[in-house]
Amino acid sequence: MRLYNTLVNKKQELKTIREGKVGLYICGITAYDSCHVGHARSAVVFDIITRYLRYRGYDVTYVKNFTDVDDKIIGKANAEGTDIATIAERYIKEHNDDMGALGVVPPTVTPRATEYIGGMIKLIETLIAKGLAYVMDGDVYYAVSKFYGYGKLSGRSLDDMIAGARVDVNERKNNPLDFALWKASKEGEPWWESPWGKGRPGWHIECSVMSQHLLGDTFDIHGGGEDLIFPHHENEIAQSEGASGKPLANYWMHNGFVRINKEKMSKSLGNFFTIKDMLASYQPEVLRFFMIQTHYRSPADFSGDSLAEARQGLERCYTALKAIKDALAGHVVPAGIPDQLTGQDEAFYKIVAELPQKFQEAMDDDFNSAKAIGHIFDAVRHINAFAGKSFAATPAALFVVDVARRNLLEIGNVLGLFLMDPDDYFDRDRTLEVAKRGLDTTLILQLIGERNAARAAKDWQKADEIRKALAEMKVVLKDTPTDTLWQIE
RNA sequence: GGCGGCAUAGCCAAGUGGCUAAGGCAGCGGUCUGCAAAACCGUUAUUCACCGGUUCAAAUCCGGUUGCCGCCUCCA
């Protein structure tokens, strides 16, 4: 199993510190506002990585923190005349609700920065004792030039950074690149007692302390969005490795951005959509499908069109699951493999039986979910052909269709897809689309009834007129021998 | 200005030295259907931004050019 390591800029074989176990730390959110689709991508990417590692038999300890003290939280608390705990609590809850709705498996541990202030003070003391940090009027700064290897993750040298420095001049710092470990508290700010006076921790020190406390001095994988590579992760390395003398993490993984019109989706650019708003219009699996279709390190362009395409792709999969469901309905699937698998049954069996293996090959290569989706579509095409209308429910055919069902669901479970009953999926899809377009279900059903009456009377002209009227409302009909199904284009 | 990434068909998107360049959408032809829709079958890049080089062999490696993006300030 190979994964791309930002530390060395190439794929490497995964070798865990302890056999069969993975310690994984992901930088979570700062709880000061609603999460947007960019946060969702990071969460879904590492959710799938965690699920896949577990699928491959690893015992994963997944730690994802919350930053619950920070300038923005303080600003919001002051603006609302409340305290930071209230603000943080509100957005942590909202975040957890969003993640639950997206089907993200909760991390093993979700530490909060304010629970680790004591550990941060201790780490800062160690860094001061080692000559890597200095005190300046109640602030403590990390002396970047004292840490050999500063810049190794982001691939830049101290000289490069000074040459291209765009850092605010802060006369309290010895070097403009030094960063705050501890900040003296100003009027109206929350504070904790420390050897340097009343103050609060800098951002980077939080993750160093929480990750090492929960996972050990050196753990397997550290991840986050690629915007965290510099300075956040670089600084974590400087802090943790400066203090312990050991590597912080063996593998560093970073997910690509969600973009809108080729630009990064972000709060500061204001070009974001919140998770909550998106889930009002799209099913969670559509959002996941959108993200899984692109490799996790590549940018993913977010638009109405790209979501529509994801919806269409997911619908194709659910169509196959529906075909399977219908093929199996009312039949008993043989418990063991019938020994007379021949012809079409045998050919189909071969295709669906090797699906998990192909999935694994794709995912073993740096979690190539886009390739995995390609294999799923291949299987879906064969499923539709085999379990479609010419399906004959022989024991052998029932058995192989059931294998297809099990394998598709097994893979889906790793990706967080195909978790719904297909009929429920299509119902929900209709409900969402009808609401989105402001359509009237009663009217639609009435028109369908009228059309079916016309069809019964073989009045094809009238039937087609009604269907055309429905088509203008984006309602697409599908006549079956027993019924007329509908959905929104 | 410093550092880094990306560029594959009308669109989305895998592929990073060697079988016929995955897959999806859209398009076209067909099967099915009262006609459709869905589904299925067939078809759609002699070519991987451009120029040059290395190699028996490159979309894949190296150098250059152009364009886009990111980080360098909070950011998933």
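Here is how names work: the chains are called A, B, and so on, in the same order as the sequence lines, proteins then strands, and each is numbered from 1.
Taking every heavy atom of residues 477-489 of chain A and every atom of RNA chain B, pairs under 4.0 Å involve A:Leu477, A:Lys478, A:Asp479, by number. Near RNA chain B, meaning a heavy atom under 4.0 Å from it, residues 227-238 of chain A has A:Asp227, A:Leu228, A:Phe230 in order of number.
Counting heavy atoms of neighbouring residues, nucleotides and ligands inside a 6.0 Å radius, atom CG of A:Asn261 does not exceed 12 of them. Counted within 6.0 Å of CZ on A:Phe273, heavy atoms from surrounding residues, nucleotides or ligands total 12 or fewer; the atom is thus considered open.
Nucleic acid contact for A:Arg297: none, since no nucleic acid atom lies under 4.0 Å from a heavy atom of the residue. The residue A:His295 sits close only to the backbone: its heavy atoms come under 4.0 Å of sugar-phosphate atoms, none of a base.
Taking atom P on both nucleotides, B:A14 is separated from B:A22 by 15 Å, rounded to a whole Å. If you take atom C1' in B:C69 and the same atom in B:U31, they sit 46 Å apart, rounded to whole Å.
Side-chain N/O atoms of A:Asn368 and base N/O atoms of B:G15 include no donor-acceptor pair closer than 3.5 Å. Judged by distance alone, with hydrogens and angles left aside, A:Lys262 brings no side-chain donor or acceptor close enough to the base of B:C68 to form a pair under 3.5 Å. Side chain A:Arg467 to base B:C35: a donor-acceptor pair is found below 3.5 Å. Under 3.5 Å, the side chain of A:Glu309 and the base of B:G24 form at least one donor-acceptor pair of N or O atoms.
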**Request:** Quick one, give me the B/S/- string for nucleotides 27-32 of chain B, reading 5' to 3', where B means a protein heavy atom under 4.0 Å from the base and S means that only happens at the primed atoms, P, OP1 or OP2.
**Result:** -----S
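Here B:C28 sits opposite B:G42 as a Watson-Crick or G-U wobble pair (both hydrogen-bonding atom distances under 3.5 Å). Of all nucleotides present, only B:C72 satisfies the Watson-Crick or G-U wobble test against B:G1, with each distance under 3.5 Å. The partner of B:U33 cannot be assigned: no Watson-Crick or G-U wobble pair with both contacts below 3.5 Å exists in any strand. Within the shown strands, nothing qualifies as a pairing partner of B:U54 under the Watson-Crick or G-U definition with both distances less than 3.5 Å. Base pairing of B:U47 is not made with any nucleotide, judged by Watson-Crick or G-U wobble geometry with both donor-acceptor distances under 3.5 Å. Under the Watson-Crick or G-U wobble criterion, with both distances below 3.5 Å, B:C6 is paired with B:G67.
Candidate nucleotides B:G34, B:C69, B:A37 were compared by shortest atom distance to the side chain of A:Arg259, and B:C69 ranks first. Considering only the side chain of A:Thr319, B:A39 comes nearest among B:A14, B:A39, B:A26. Here the side chain of A:Thr30 is nearest to one of B:G23, B:A76, B:G34, namely B:A76. Listed nucleotides B:G24, B:C3, B:A13 differ in distance to A:Ala370; the shortest reach to its side chain belongs to B:A13.
Residue order along RNA chain B, read from the 5' end via each residue's closest nucleotide, puts A:Asn9 first among A:Asn9 and A:Val258. Of the two residues near RNA chain B, A:Asp301 and A:Glu263, the one whose nearest nucleotide lies more 5' is A:Asp301.
In this structure, A:Glu433 CD and A:Arg311 CZ are separated by 3.5 Å, a value rounded to the nearest 0.5 Å.
Taking the six-membered ring for Trp and thresholds of 30 and 60 degrees, A:Phe179 and A:Tyr142 have nearly parallel ring planes, at less than 30 degrees apart.
Applying the 5.5 angstrom centroid cut-off and the 30 degree plane-angle cut-off, the aromatic ring of A:Phe257 is not stacked upon the base of B:A76.
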**Item:** Stepwise side-chain hydrogen bond (donor to acceptor under 3.5 Å, both in side chains) test for A:Thr67 and A:Asp70
**Value:** CA-CA 7 Å; A:Thr67 294; A:Asp70 148 280; over 6 Å; no
